[in-house]
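Since the structure comes first, as structure tokens, the remarks are kept for the end.
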4 protein chains.
Amino acid sequence: MVGFSQDVGMSKRINSPSGRPRSIQANQAILQATLDLLAEVGYQSMSIEAIASRAGVGKTTIYRRYTSKEELVADAIESLRADVAIPDTGTFWGDMDILIDNAAKKILSPLGRQTLALIISTASSNPQFAQVYWTKYIMPRREAFAQILQRAKSRGEIQPDADVDLITDLVSGSLYYALIFKPTAEPVDTYMHRTITLLLRGIGHGA
Amino acid sequence: MVGFSQDVGMSKRINSPSGRPRSIQANQAILQATLDLLAEVGYQSMSIEAIASRAGVGKTTIYRRYTSKEELVADAIESLRADVAIPDTGTFWGDMDILIDNAAKKILSPLGRQTLALIISTASSNPQFAQVYWTKYIMPRREAFAQILQRAKSRGEIQPDADVDLITDLVSGSLYYALIFKPTAEPVDTYMHRTITLLLRGIGHGA
Amino acid sequence: MVGFSQDVGMSKRINSPSGRPRSIQANQAILQATLDLLAEVGYQSMSIEAIASRAGVGKTTIYRRYTSKEELVADAIESLRADVAIPDTGTFWGDMDILIDNAAKKILSPLGRQTLALIISTASSNPQFAQVYWTKYIMPRREAFAQILQRAKSRGEIQPDADVDLITDLVSGSLYYALIFKPTAEPVDTYMHRTITLLLRGIGHGA
Amino acid sequence: MVGFSQDVGMSKRINSPSGRPRSIQANQAILQATLDLLAEVGYQSMSIEAIASRAGVGKTTIYRRYTSKEELVADAIESLRADVAIPDTGTFWGDMDILIDNAAKKILSPLGRQTLALIISTASSNPQFAQVYWTKYIMPRREAFAQILQRAKSRGEIQPDADVDLITDLVSGSLYYALIFKPTAEPVDTYMHRTITLLLRGIGHGA
DNA sequence: CATTAATCGAGACGGTACGTCCCGTCTTTAA
DNA sequence: TTAAAGACGGGACGTACCGTCTCGATTAATG
């Protein structure tokens, strides 16, 4: 969630608020309904009322937990397991192929498409909110990518002084650009293959 | 406009439609009001009613022309002159600096920010609509970039067999990625400088 | 029509305005469409646009002739032939039965119902407009009724000094009251029979 | 209200519906605004939006309670106290004068005029709705009139076997007819005086 | 016989109101 | 205190007509 931390793990509860505790079933129902609707109708067309109705929950119960749709959706997405397995096939291209294939699969699902649209849509208008996605979605993949590059370095497949962050930016940016604007008709993995090949060679005269 | 092409090439109009013709003053007032409000409050917060009111026009007059806010805004943006001057300083870096500076300036304006947000927001959900932006915004810059690369090739600053399209994708993608996710705190032009340098050198072992 | 008189009957036209004369086919089409729609959807739900469309005529053509829906509808109704045959069976009751039957039939038609509703609806809010209906619809029947009463007088069936106007008001009022509020379940003609019988006898002590 | 009756007679409420109850202040504000506007601009020119605005209430709050303008106005009129005092002066004419005077006063007020127009307007097109007016407006006056007739009977001023209902219809019908079509220039009370005199005498030969 | 001028159909114009959908808040009773 | 239910004032939606206003095309009578 965006700004909530709820004191889990202390053996003795410090502040046990009186009154009825918040329903964890409501929590889950809300998040599930949010993800369902996100996948079905997309972020813009999604109304809080529809989420509440689908979750079998009062609107108040949602507003008590979240102050905006962004926050709610952010939490819903965060609640998903984002497990990025780091492949280790022994070769740079072997690892890359798996990584790209994973990313492509993720994005082909309805939820993936809508999530990407949402990320991109709100990223520039709502920077602190984009941070959630950065942490949840992009960082894991960047780390996986960085590790693959590192291993490629140690195998001598990559220059030892190459700026890993910048390379990651270039490759990530190129991937997103391809996904958004589809500059070619070829499949994403082929296209990325060409891109990375170009990047390996460099374009400068001395190369 | 998005899909209208009328009476091209024939010297005498073929079909003079009956009824009072659409007011071109209303056209312009609508487009101007749309651009104003886009810059002021952003795409999401913009209401058709507000546009009509600001343009001094009935809602009907807008709905007669456009069936959706997307279509209206697309036309408004398309109506802007997108003049991308192609610099020619004699050196690759001299040209690049000017191009990047221009792009950055464009995006720093309120309208530029909102437009970018809009492009990105709708690009993945509304592909045929993204085409408009591709043609209007991205293509001219790509062409400018391609020409600069070509000249750099002929001067021997760039490999003669480099894939210009792919390079353009890489640089464009990198630029958008930086604008959306701001991976570093440094200014955009410095960042792009580093990126292009990396690209020139390449990252492969043989470099 | 409400206020138009167009110089018919003079052998030489006095003012022959230049320009294209008004289409009499348009006139008729407008009136017919008005009556059709009046019968079909009623006065309130009738739009000028629908009339124009049904008549195959531009809205302007209607507005050039009429300044309001009331005026148009008034003229349409006025255009109908309101032929009230005055029965002469030789007896008061014989004549009355025919007259009442006629009136009931008129009102049972869709157009009759809607016209009555319209008369009643606008009568109190738009007195000068009610006049049209008075002249066109009510007067002929009143005159028929008066004549029947007169003949009944001369046959000695009715008191010689009875106030014919007032009697007519009473009977007319009673009929309309019955049609509007339906105080009994019996057919209108039976009800009117009872009413007139009562009126003949009187209710005072001396009777 | 038109068809709602709830919780009559039981000391403890049976069904306490969940959710926030309808605001009775909103109820009253809506009804008052409706009556105000009815008196000021009339039924036709009255918009739901204007009522909501005047009542300081959202449109939704009105639409939640009423599905049409008819229903709303019906309820507003019904909410008025319709207190018809039954005069008892000891003579038929004394009572009648007071009754007629009361009715005339009622109708001379702006609200009275508009209400009459509305009753009459919708009575024939919307029969089940006319019932409300019958019950609320006409019945009390009919009962008062019937009682006066009854007393006149017992005093021997009226025939003992006279059909009170039919007489009431005749007099009511005559009054409405006069109000709608204004057949004479004289004041309503004088006119009604003449009418009732005629009715007392009867018009038949034997009278 | 061309000119002239009003009319024709069509349909766009700036508006008003419609009835609906959500917004985010508030107010009930029940747990 | 939270829950569900649902009413609250409000804003915008997209539609239907209003009565007015151009358009190009007719249609007589006049010059």
Side-chain angles (χ1 to χ4, degrees), chain A residues 16-23 25-26 45-53 55-69, chain B residues 13 16-23 25-26 29 45-53 55-65 67-69, chain C residues 13 16-23 25-26 45-53 55-69, chain D residues 13 16-23 25-27 29 45-53 55-65 67-69:
Chain A
S16 61
S18 64
R20 176 173 173 175
R22 296 212 177 147
S23 158
Q25 306 157 76
S45 305
M46 219 164 88
S47 75
I48 300 283
E49 298 217 338
I51 295 171
S53 163
V57 142
K59 270 200 293 180
T60 327
T61 306
I62 295 180
Y63 281 111
R64 200 174 287 119
R65 290 163 166 73
Y66 307 99
T67 60
S68 68
K69 196 157 80 167
Chain B
R13 55 185 138 43
S16 60
S18 65
R20 176 175 176 176
R22 302 256 172 101
S23 160
Q25 306 159 87
S45 306
M46 221 164 93
S47 76
I48 301 282
E49 268 176 347
I51 295 171
S53 162
V57 142
K59 265 199 295 181
T60 324
T61 304
I62 295 181
Y63 282 112
R64 201 175 285 121
R65 289 163 166 73
T67 59
S68 67
K69 200 158 72 165
Chain C
R13 45 190 149 37
S16 59
S18 64
R20 178 174 175 175
R22 298 222 178 137
S23 160
Q25 306 156 82
S45 306
M46 218 165 91
S47 75
I48 299 282
E49 298 217 340
I51 295 171
S53 163
V57 143
K59 270 200 294 181
T60 326
T61 305
I62 294 181
Y63 281 111
R64 199 175 287 118
R65 288 161 168 75
Y66 307 99
T67 61
S68 67
K69 196 159 74 168
Chain D
R13 50 189 142 39
S16 59
S18 65
R20 177 175 175 175
R22 302 257 171 98
S23 160
Q25 307 158 85
N27 279 354
S45 306
M46 221 165 91
S47 76
I48 300 282
E49 266 175 347
I51 295 171
S53 163
V57 142
K59 265 199 295 182
T60 325
T61 304
I62 294 181
Y63 281 111
R64 201 174 285 120
R65 289 164 167 74
T67 58
S68 67
K69 199 157 73 165

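In what follows, every chain begins at residue 1, and chains take the letters A, B, ... in the order their sequences are listed. As the structure is a prediction and not an experimental result, all values here were calculated from the model.
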I need the [atom1]-[atom2] distance between [X] and [N], as an integer number of Å.
| X | N | atom1 | atom2 | answer |
| --- | --- | --- | --- | --- |
| A:Arg65 | F:dT1 | CZ | P | 16 Å |
| B:Ile51 | F:dA12 | CD1 | P | 12 Å |
| A:Ile62 | E:dT25 | CD1 | P | 13 Å |

_Closest non-hydrogen atom pair, D:Ala26 against D:Val57_ =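 Here D:Ala26 and D:Val57 meet closest at CB-CG2, 4.2 Å.
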_Minimum heavy-atom distance D:Ala29-D:Ala55, with the two atoms named_ =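 Scanning both residues completely, I find the closest heavy atoms to be O-CB, 3.5 Å.
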*asked:* Go nucleotide by nucleotide along DNA chain E from the 5' end; which of C:Ala26 and B:Ala55 gets its closest nucleotide reached first?
replied: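 It is C:Ala26 whose nearest nucleotide is closer to the 5' end.
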The criterion is side-chain contact (heavy atoms from CB on, under 4.5 Å); which residues satisfy it with [X], sequence neighbours excluded?
| X | answer |
| --- | --- |
| B:Ser68 | B:Glu70, B:Glu71 |
| B:Arg64 | B:Arg22, B:Thr60, B:Thr61 |
| D:Ser18 | none |
| B:Ser47 | B:Glu49, B:Ala50 |

*First locate atom NZ of B:Lys59, then atom CD1 of B:Ile48, and finally report the distance between them rounded to the nearest 0.5 Å.*
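The distance works out to 9.0 Å.
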*asked:* Within this structure, what is the OG1-CD1 distance for the pair B:Thr67 and B:Ile62, rounded to the nearest 0.5 Å?
replied: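 If we round to the nearest 0.5 Å, B:Thr67:OG1 and B:Ile62:CD1 are 13.0 Å apart.
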Using the 3.5 Å cut-off, write out each protein N or O paired with an N or O of nucleotides 1-6 of chain E and the distance between them.
residue : atom : partner : partner atom : Å
E:dA6   : N3   : C:Arg20 : N            : 3.2

Atom pairs under 3.5 Å: protein N/O with N/O of nucleotides 13-16 of chain F:
residue : atom : partner : partner atom : Å
F:dC13  : OP1  : B:Ile48 : N            : 2.7
F:dC13  : OP2  : B:Ile48 : N            : 3.3
F:dC13  : OP2  : B:Glu49 : N            : 2.9
F:dG14  : OP2  : B:Tyr63 : OH           : 2.5
F:dG14  : N7   : B:Lys59 : NZ           : 2.9
F:dG14  : O6   : B:Lys59 : NZ           : 2.7

*At under 4.0 Å, does any side-chain N or O of A:Thr61 touch on OP1 or OP2 of F:dA4?*
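Result: yes.
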